[in-house]
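Accompanying notes for the structure given below.
We use all heavy atoms of the structure for the numbers below, so side chains are in, but hydrogens, waters and symmetry mates are not. All of these numbers come straight from a predicted model, not from anything done at the bench. Counting convention: from 1, in listed order, for ligands and their atoms alike.
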Amino acid sequence: MSRKSSDDYNLRSMSNLMGERRKRATDDGERSLIKAPSSASVSSAGASAAAPAPADLERAARKQFQQDVTPVFVYVLAVFSAIGGFLFGYDTGVVSGAMLLLKRDMNISALWQELLVSGTVAAAAVSALLGGCLNGLFGRRVCILTASFTFAIGGIVLGSAPNKEALLVGRLILGLGLGIASMTVPVYIAETSPPHLRGRLVTINTLFITAGQFTASVIDGAFSYMKHEGWRYMLGLSVIPALLQFLGFLFLPESPRWLIQKGLTQKARRVLSQIRGNQNIDEEYDTIKSSIEEEEKDCGGEGPVIWRMLTFPPARRALIVGCGLQMFQQLSGINTVMYYSATILQMSGVRDDKLAIWLVTVTAFTNFLFTLLGVWLVERVGRRKLTLGSIFGTVLSLCVLSVGFLLSAQHSPPVTLHLSDPTTPNSSCAAHLSCEPCMLDPGCGYCYQENSTAVFASSCVPVNPASTERAAWGKCSNSTHLPDSGIWAYNFCPTSYSWVVLLGLVLYLASFAPGMGPMPWTVNSEIYPLWARSTGNACSAGVNWTFNVLVSLTFLHMAQYLTYYGVFFLYTSLAFTGFFFIYGCLPETKGRRLEEIESLFENRLCSCGISDCDEDRQVEYIRVKGSNYHLSDNDASDVE
Ligand SMILES: O[C@H]1[C@H](O)[C@@H](O)[C@H](O)[C@@H](O)[C@H]1O
């Protein structure tokens, strides 16, 4: 029934619109569009020479339809929801700067640092998975309220933490909020947006993630000047946006789709008309309702949702696409690149720590700017082309980064003075012959002086157990840089090829941020049928967080065995594999109603089969299935 009613809805809407359109066609371009038939359409429709092409009619009608349905409230919902994205970016980004101060104030060991950073991400992975059940049971609004409340509590615990144990508790609480927010917000935005804006509004959530990361880097920079306790402000400030979102959501409505699914139809009707402003919502409401009823009959049988998804081919294909996208997003190394951008900048000759912190702000801002480009592009070029173009650029820029690291390693400066270690005689540092192996050894660092000749012999010396910012002994052990002391390079090597790495970094952000950054979230919010949406998003968000923690935790260890360029070549090959996955599996979802998208995954060709997935084939497929805006020959005369 729903396919039929969905067609009726689309045809009726467009017929009405076309009628009105003719009356008030003032725009010359569009008037000629309606009047001028294409030869192809004439022959295909078998109509007279003056008849408009169905595709042209559809395009004009769709454009008008879209202009008619964009009330401001839709943007208000999206922005308040996307504060969840802001907190995601802020809380994951701020910790690197806070850690520098915490190391000083609380003398935190390397293990505890790792726990404080990765504990949050690991907790997010678990709570994203649990978030699926919570969403199904209590709805999107309650989940967003819970997440913002959790963020606020986490921020308060962190800001007032008396010791490292309390810090860990605060970071774990934050992680719980992060997981729920990351899977709920895109779903809520997608379910409340009109189809023609859905991609853009969901992508705003990722824009807010990058805005949160940028703000975190600014706050890190500003509070790094505080002698003591600056970390309290850095970690505690997230309470403000969390409370803002909490208060906002006390007044914002539940997703109408969830309400209909739960049988709360009167309320759903009220909410839908509130969201759509003064539009007539009858047809949209009927279409959603009948699709949900049909889905309920046709959703893979009995048992837990995840089991039904795995055994029902269209839902299983959607799940593979959704989780695959999130996995390849993280395997492309975004968080390693962001996290190590300070190191990359130090390689390029930035020696001043404070300046390096501020330059990280520039990296974060670049990420934000290019995500903004993604917001602009997503409804113009569509999800598929944007993601493919983005991952292709990401592969190329990862190649540039890897070559930069390779050249730097091959021209690594030598160790000219091999000192025997007075305090730790068994240290491996004395054995390293050049900076590269010395820097990759976690126990050692390279001590040198810029442009020095033999006067200042460069050496590989053990790191100070209390702080990686100094050597255990020798010229680089002094924190107050004396005129004859050296430069301490703990995780980088001086190189004249740093410009290649810097170029790679800029290209990477420019390619990754518009597509691979936001599209996995956007696509996941729209590809699952309603009965599987919470679970599908929970799984894919869980995959995102799991690979996030895996990639960040393994980077340094892998670099020890594979070197920096080895690891970046590995990311290159993983991203290259991702390109083929996306090429073969990702259908175009632009402009379709959520209820139509499921049918894209009924087609084996266009979802994880052979790579033949171009838009024309999809359009044809859906036309044959009779579930799209496309007009058949008869429909064209209806519109006339
Ligand atoms: O989409 C986001 C975004 O690209 C962020 O910059 C990144 O840190 C996240 O891990 C990712 O999920």
Problem - Region of Asn544 engaging ligand 1 - heavy atom pairs below 4.0 Å - result: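 Contact part for Asn544 vs ligand 1: side chain (C-beta onward).
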Practice task
Write out the residue and atom name of the closest protein heavy atom to atom 6 (O) of ligand 1, then the distance separating them to 0.1 Å.
Solution key: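 Result for atom 6 (O) of ligand 1: Gln213 OE1, 3.0 Å.
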Handout entry: Which residue and heavy atom of the protein sit nearest atom 1 (O) of ligand 1, plus the separation
Key = Gly517 O, 2.8 Å
Problem - Contact (N/O only, under 3.5 Å) between Gln329 and ligand 1 - result: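 Yes; at least one N/O pair falls below 3.5 Å.
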Any atoms of ligand 1 less than 4.0 Å from a non-hydrogen atom of [X]? List them with their elements.
{"X": "Thr206", "result": "1 (O)"}
{"X": "Asn335", "result": "7 (C), 8 (O), 10 (O)"}
{"X": "Trp521", "result": "1 (O), 2 (C), 12 (O)"}
{"X": "Asn367", "result": "6 (O)"}
{"X": "Phe512", "result": "4 (O)"}

So does [X] have more than 12 non-hydrogen atoms from other groups sitting under 6.0 Å from [atom1]?
{"X": "Phe579", "atom1": "CZ", "value": "yes"}
{"X": "Phe73", "atom1": "CZ", "value": "yes"}
{"X": "Tyr561", "atom1": "OH", "value": "no"}

Please set out all donor-acceptor pairs under 3.5 angstrom arising from side-chain atoms of residues 132-139, sequence neighbours excluded.
residue, atom, partner, partner atom, Å
Asn135, OD1, Arg140, NH1, 3.4
Asn135, ND2, Gly131, O, 3.1
Asn135, ND2, Thr184, OG1, 2.9

Problem - Qualifying residue for side-chain hydrogen bond (donor to acceptor under 3.5 Å, both in side chains) with Glu191, from Arg257, Arg198, Arg533 - result: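 Passing option: Arg533.
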Handout entry: Residue-ligand contact Gln330/ligand 1, heavy atom below 4.0 Å
Key =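 Yes; Gln330 lies near enough to ligand 1 that a heavy-atom distance drops under 4.0 Å.
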Practice task
Taking ring-ring contact (aromatic ring centres under 6.0 Å, His included) as the test, write out the residues that go with Tyr188, two or more places apart.
Solution key: Phe249
Exercise for the section: Please say whether the positively charged group of Arg384, taken as NZ for Lys or CZ for Arg, lies over the ring of Tyr583, i.e. under 6.0 angstrom from the six-membered ring centre and within 45 degrees of the axis. Expected result: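 Arg384 over Tyr583 ring: yes.
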